[in-house]
Number of protein chains: 2
Amino acid sequence: MSTERRRARTEDEKHFRRQQILDAAEQHFSEVGYEGFSMANLAKLVGVVKGTLYLYFKTREEVFLTLYNQSLVRWSHVFLEQLQGSMTDRDYVTTLYTTALADGSFIPLLTRLEHVIEHNVSIESLIQSKRNFIERVDCLAQATAPVLSLNQSQSVELVKTMGVLLVGATRADQSPSLHGEDIPDDVQALIDSFSSENIFIKNACRIISGIRTADGSITES
Amino acid sequence: MSTERRRARTEDEKHFRRQQILDAAEQHFSEVGYEGFSMANLAKLVGVVKGTLYLYFKTREEVFLTLYNQSLVRWSHVFLEQLQGSMTDRDYVTTLYTTALADGSFIPLLTRLEHVIEHNVSIESLIQSKRNFIERVDCLAQATAPVLSLNQSQSVELVKTMGVLLVGATRADQSPSLHGEDIPDDVQALIDSFSSENIFIKNACRIISGIRTADGSITES
DNA sequence: TTTTTTAAATGACTGCGGGTCATTAAATAA
DNA sequence: TTATTTAATGACCCGCAGTCATTTAAAAAA
């Protein structure tokens with residue numbers, strides 16, 4: 001807040017202003033979550049009026065889609081940095097899981113991507129987002145192949161499948177926090193049994209085994 | 001609409017009215033989806049005024065949670081009916097996938113359960129819902145064990161994991177329909193590669209193999 | 001320097017959403 | 001027939017996403 005009060009006239013200035021909004025959005029999102037996020041509050045945080053936000057983003061979801069794109073890139077860099085020359089399957093998936101959760105925005109946005117965010121976004125933005133995704137998958141797959149001794153197509157399949165599993169496994173983490181409530185033992189036991197870390201790591205390992213085991217020719221039948 | 005205009009005085013009548021609302025909600029949901037669903041429109045469909053709905057449900061999400069509970073029970077019955085004495089892993093997961101998708105409400109509600117629905121619901125309703133879930137898991141696991149030659153704890157783990165995978169795999173189906181839009185080939189190829197059926201069945205089989213292979217003693221380390 | 005032009009920023013506005021509550025009236029009990 | 005209960009009503013509140021005619025800061029032209 002209270003940084004630039006000048007009007008953004010050049011493309012550079014506009015780009016900078018846009019990023020200012022995104023930074024504030026990231027902060028607002030981390031504070032109130034997806035459902036609590038409002039454009040009016042975001043505007044206050046940026047220090048502009050609500051209408052100004054719509055000069056830079058067509059809809060609220062365009063903000064989220066951009067945040068998602070940025071968080072995907074950000075996470076993939078962190079993850080790639082932590083990859084070693086050779087890792088066990090378990091180390092690989094643990095690193096993937098840990099880095100993904102460490103980013104405050106990535107998982108919550110990924111969770112809502114298809115069924116909420118993509119539904120109020122221009123086709124151009126959607127295509128751009130998918131292209132960004134393709135690029136990240138390719139990059140991750142390229143780096144993954146040697147680490148896990150997979151060929152290229154196996155590696156691509158693995159990376160895509162990890163995304164699927166990550167969304168499914170981390171569902172449990174999105175439940176309302178029940179701290180201070182008295183939960184019956186049977187229900188508490190159920191909740192405990194859905195520890196996202198356990199579920200992700202265990203099944204990710206099973207899937208890697210499955211991918212590695214299958215001979216490349218068989219796909220359907 | 002225009003069935004019962006009498007006031008609901010007895011518990012039975014109130015229960016009936018409640019179910020009338022739920023039936024209309026199911027219809028409304030199937031027509032407009034989660035985001036398009038509104039209490040005002042639901043009221044019109046039921047033939048009452050909006051405030052009346054709040055005599056029977058505390059919040060909009062209580063309606064959804066109840067619909068989810070009912071859809072879970074409904075689907076599990078259909079699925080259990082289709083189980084044979086002995087099936088291949090692939091037949092089992094295909095049946096699971098097909099029956100789950102055939103129910104119009106189950107997947108869309110399951111997708112939103114933890115991060116949306118559960119966040120605006122009373123603790124009592126949440127506990128009741130979890131109890132219902134536990135019961136269905138137990139029932140499904142009991143029936144699954146002999147079909148796939150698993151022991152009880154393997155079978156419970158399998159059923160729970162199928163839920164996780166189902167949510168992750170069907171994400172792609174929730175994307176906006178891009179019919180009539182011209183999508184670049186690279187993006188279209190990406191979308192095609194996320195066929196939920198392929199992903200679910202392939203990885204479900206891998207997970208079953210993994211569960212069956214692991215000796216029962218090893219869990220963590 | 002002064003005037004004109006451009007477009008970033010504004011803020012009042014619309015419509016719709018979930019949810020509330022004092023009032024009304026239908027059914028039951030007295 | 002009258003009194004009591006409570007299901008149902010509908011007007012109401014507030015916050016939301018998104019719009020647009022108007023304002024005004026800054027660049028371009030004079």
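Proteins get letters first, then strands, A, B, ... in listed order; numbering begins at 1 in each.
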Whole-Å gap separating P (D:dT6) and CZ (B:Arg17): 17 Å
Test side chain to side chain contact (heavy atoms under 4.5 Å, CB included) applied to A:His115 and B:Arg112, step by step: CA-CA 9 Å; A:His115 63 275; B:Arg112 291 160 174 92; 3.5 Å; yes
Atom pair distance, as rounded to whole Å: CZ in B:Phe16 and P in D:dA8: 12 Å
Presence of salt bridge, B:Glu197 and B:Lys202, under 4.0 angstrom: no
Integer-rounded Å distance: D:dA8 C1' and B:Ile21 CD1: 11 Å
Spacing between B:Phe57 atom CZ and C:dG18 atom C1', to the nearest angstrom: 16 Å
Spacing between A:Glu35 atom CD and D:dC16 atom C1', to the nearest angstrom: 13 Å
A:His15 NE2 to C:dA8 P, straight-line distance once rounded to whole Å: 16 Å
Aromatic plane relationship, B:His28 with B:Phe37 - under 30° parallel, 30 to 60° tilted, over 60° perpendicular: tilted
Nucleotide C:dG15, atom P - distance to CG of B:Asn41 in whole Å: 17 Å
Side chain proximity check, B:Glu157 to A:Ser193, heavy atoms < 4.5 angstrom: no
Ring geometry between A:Phe106 and A:Tyr68 (parallel below 30°, tilted from 30 to 60°, perpendicular above 60°): parallel
Atom-pair distance (CG on A:Asp12; C1' on D:dA27), nearest Å: 16 Å
Closest approach of B:Ala204 to B:Leu165 (non-hydrogen atoms, all atoms of both residues): N-CD2, 3.4 Å
Phosphate OP1/OP2 of D:dT9: any B:Arg7 side-chain N/O under 4.0 Å: no
Centroid-centroid under 6.0 Å between A:Tyr92 and A:Phe79 rings: yes
Touch class at under 4.0 angstrom, heavy-atom based, for B:Tyr56 against every strand present: sugar-phosphate
5' precedence on DNA chain C between A:Leu55 and B:Gly36 (nearest-nucleotide basis): A:Leu55
Pick out the pairs of N or O atoms, protein on one side and nucleotides 17-21 of chain D on the other, that lie under 3.5 Å.
residue, atom, partner, partner atom, Å
D:dA17, OP1, A:Arg60, NH1, 3.2
D:dA17, OP2, A:Met39, N, 3.0
D:dA17, N7, A:Lys50, NZ, 2.8
D:dG18, OP1, A:Asn120, ND2, 2.8
D:dG18, OP2, A:Tyr54, OH, 3.1
D:dG18, OP2, A:Arg60, N, 2.8
D:dG18, N7, A:Lys50, NZ, 3.2
D:dG18, O6, A:Lys50, NZ, 2.8

